[in-house]
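Working notes, beginning with the structure itself.
Just so it is clear, the values below take in all heavy atoms, side chains as well, and ignore hydrogens, waters and symmetry mates.
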Amino acid sequence: MAFFGRAARRVMACRQPLSPLGRATTRCYSSQSTHTTEKSVPYEKTLKEEDGIGGPTKPLPKSADVVVVGGGSLGCQTLYHLCKLGMTNVVLLERDRLTAGTTWHTAGLLWQLRPSDTEVELLAHTRNVISSELEEETGLETGWIQNGGLFIASNKQRLDEYKRLMSLGKAYGIESYVLSPAETKDLYPLMNVKDLYGTLYVPKDGTMDPAGTCTTLSRAATARGATVIENCPVTGIQVKVDDSGVKRVKAVETAHGTIQTPCVVNCAGVWGTKLGEMAGVNVPLIAMHHAYVVTERIEGIQNMPNVRDHDASVYLRLQGDALSVGGYEQNPIFWNDVSDKFAFSLFDLDWDVFMQHIDGAVNRVPALEQTGIKSTVCGPESFTADHKPLMGEAPEVRGFFLGCGFNSAGMMLGGGCGKELAHWIIHGRPEKDMYGYDIRRFHHSLTNNNRWIRERSHESYAKNYSVVFPFDEPLASRNMRKDPFHQVLQEQGCVFQERHGWERPGWFNRGGPAPVLDYDYYGAYDVPKNTDYKYSEILGKEYTFDFPPHHDVIRDECLSCRNAVAVFDMSYFGKFYLTGPDAKKAADWLFTADVNKAPGSTVYTCMLNKRGGVESDLTVSRLEPSPAHLPLTPESNGEAYYLAIGGGVAQHNWSHIQAVLQDQGFRCTLRDHTEDMGMISIQGPKSRELLQEVLDSDLSNDAFPFSTHKIVNAAGHKVRAMRLSFVGEMGWELHVPKESCLPVYHAVMAAGAKFGICNAGYRAIDSLSIEKGYRHWHADLRPDDTPLEAGLAFTCKMKTSVPFLGRQALEAQKAEGLRRRIVCFTVDEKVPMFGLEAIFRNGVPVGHLRRSEFGFAIDKTIGYGYIRNPDGGVVSPDFVRSGEFTLERMGVTYKATAHLRSPFDPENKRVKGIYG
């Protein structure tokens, strides 16, 4: 019998390094003599049948409305929720038996608190389905055990992170408690608490049983009319091209027949990439070995909560009178050759890789030192570039949906994600804000880039248990997309952020250049670790829930913009042209605002889904008909529009517009010229004086009013100048052909020297924009928010009779009154907030902050959040004015002032050039 302590000492004494990106090439011990060779999951029941099955368990239908491929957690949950929403002609195909791939060996943990409001809601739905809904519907038990969860903090930063979760949980009514080491010892007597800073206890967390859950889900679905067919591998996906040239799913092929269907759902987990290839769809996930070990019986462990010791990168799951012990290591093993025959199978555990978890486990529960290891569980799991699932309709093929890449959280997130995916399939969009899981969050140039998938997935795996700090950035697969200003800004100390593959300016370090280097896998796989890595060191200083060390640098960038002039490189913005015979019809339908003003106008607008939720905010400029002079002017004999869109969401916008054009049958062309142009924004009271020396156009209010654009010459180069602002100051954006970018930039900087011009980055934009009350899409403006709730009614052409996508939903909401509303809050105390802080009105939780920054001009912390009426009534302006508000940050309450208008320049004078 192997023991935890003895195994750890033996392996650590003679460990050999891993070969690059692979398994150990040599071992200095015999695993048979030291470790258990038993491989088995710790569940009383699995769905494996030793004798196997000869063929499909049921005849294949000729057609189906939806075919779900994969009988694991996500496949079963999606099927169940499709049926709950009224579909009956739905089929689930499983190549072996239900759960056979990765679900059968999962640890089955469910933690209710995560650093994301959407994930908290998804987990709450999973818990409800597993703990009560299914049993009430079917009379069958799923195997749910509510034994609670305990998060271990060994330092202040970790406990601060847990306190943030606790505060967010209060907005959702989730019971949780911060415990002292002594209180933790009382709760969990076998735990070593000598090195603890504190813990977070969540009594209603628990564990799930994969076989029991999936069996119950499939029975509930079949009772509602679904068909579940096991032992039926998919061999192909038929795709047709319609009359408009759009690729659509046509059928699913198997060795036993073909099912005609317009919709396929890829819930194939590790095998999802292969299923995607059958339809010509990129599925950017990668398979890795993921392991845990099961101990022998431990006296006194019964009824203890599950434990996550993030700092030791280990979890301890209660398994009756034993524990399952696992974690996330820095050197996971990639499964490069994914086998189609791998079912109810496990790998041999590589103890060289796994043993790094043992010391942490023994330290936390010393009884493990003398406890035997009963069995090992090392199976494949699918992982993604940001450790988030892949969901939604693939941009390459209409009707091909993803529900895979769950990073070992398929059981935990399955209920919530299955419900959202079902809604997505039936209604075209999910109910919640699922952008963080939407496949369209990744640019199409990345989703088939093997280096990016491998490096980013490795880093996300290795950092899974790291503290989630507000301003963290990846180190893997950087410099994938660089704009023409990149080198010159780097030389001036730019600290870059990564968005959508782009390197965009974050802020400017006074200590000189800090280039991003090639990824070093954190020294794993014999890859030499980067040394004297200035960029990484700067990021490390950001790892705080206090104001960062360079808070004053960002302040100076902001105040230079407010008091003089600053230049922002915004080149990563998406830049699209919409042209064609039906361009005007398309623009009227797509955009909430009236963008059909005179040519030369630029309009800030939203795009909605049919539920009225905001899919995008952007600027749309109407162009004059003209011959092509790309990239500044597209060829157009009729209406043409230039769309400028936040670069981090460009793929989402592109896909949304294309889907609407296809669904409506508009004869239009959407062209992407993002890579062909740079974009700099010159903002501040001195911007007009500066640019008047660079541009050959009159920049007076009469000649160049706010929200207009024109082609001008800048230092001898043609550019499109737009008078716009995203920071609340007078200013112009210059959209510049990439070969002209550097000459124009140098001319601007030379002319601006006497005005005190400075470079500024997106950290300054974040502060300046929130201070002015401008929204950030996917922060305080999301697909589950309407323009009316978000204070953007002015962007909607409701006073006209022109129909637009989502208008009916807005009209209904306006008639009923708003049940929630965005509110601005300021706090007088100098305390940093980052979003997720709970909002209380008269002592009752009414919401949480979506976004928060420090406003340097008003010298206060400022945040925006949506509040609701606890009674379910209308949230009127009087409801806001009549309440006393507080914000809870990490368990500490702060008085807050509520504002219905921006506290900075509420009259909008500055953007119009009215100062003083």
Is a donor on one side and an acceptor on the other found under 3.5 Å between the side chain of [X] and the backbone of [Y]?
X: Glu183; Y: Ser180; answer: yes
X: Asp96; Y: Ala343; answer: no
X: Thr384; Y: Lys388; answer: yes
X: Arg850; Y: Ala779; answer: yes
X: Ser167; Y: Arg164; answer: no
X: Thr199; Y: Leu150; answer: no
X: Ser460; Y: Ala385; answer: yes
X: Thr142; Y: Ile130; answer: yes
X: His427; Y: His423; answer: no

Give a yes or no on whether a salt bridge exists between [X] and [Y], defined as a side-chain N under 4.0 angstrom from a carboxylate O.
X: Glu296; Y: Lys374; result: no
X: Asp205; Y: Arg127; result: no
X: Asp784; Y: Lys432; result: no
X: Arg782; Y: Asp433; result: yes
X: Asp311; Y: Arg364; result: no
X: Arg158; Y: Glu161; result: yes
X: Arg441; Y: Asp386; result: yes
X: Lys84; Y: Glu133; result: yes
X: Glu420; Y: Arg429; result: no

Got a second to check how far [X]'s [atom1] is from [Y]'s [atom2], nearest 0.5 Å?
X: Asp195; Y: Asn363; atom1: CG; atom2: CG; result: 5.0 Å
X: Ser408; Y: Phe383; atom1: OG; atom2: CZ; result: 3.5 Å
X: Phe344; Y: Leu346; atom1: CZ; atom2: CG; result: 11.0 Å
X: Glu121; Y: Thr126; atom1: CD; atom2: OG1; result: 12.0 Å

Pair [X]-[Y], side-chain donor/acceptor within less than 3.5 Å:
X: His310; Y: Tyr162; value: yes
X: Tyr543; Y: Asp472; value: yes
X: Glu137; Y: Tyr80; value: yes

Would you confirm whether the ring centroid of [Y] sits within less than 6.0 angstrom of the ring centroid of [X]?
X: Phe545; Y: Phe471; value: no
X: His290; Y: Tyr461; value: yes
X: His357; Y: Tyr292; value: no

| Can you tell which of His848, Glu837, Lys170 makes a side chain to side chain contact (heavy atoms under 4.5 Å, CB included) with Glu888? | Lys170

| task | Would you mind telling me which of Leu134, Thr215, Thr216 makes a side chain to side chain contact (heavy atoms under 4.5 Å, CB included) with Leu140? | result | Thr216

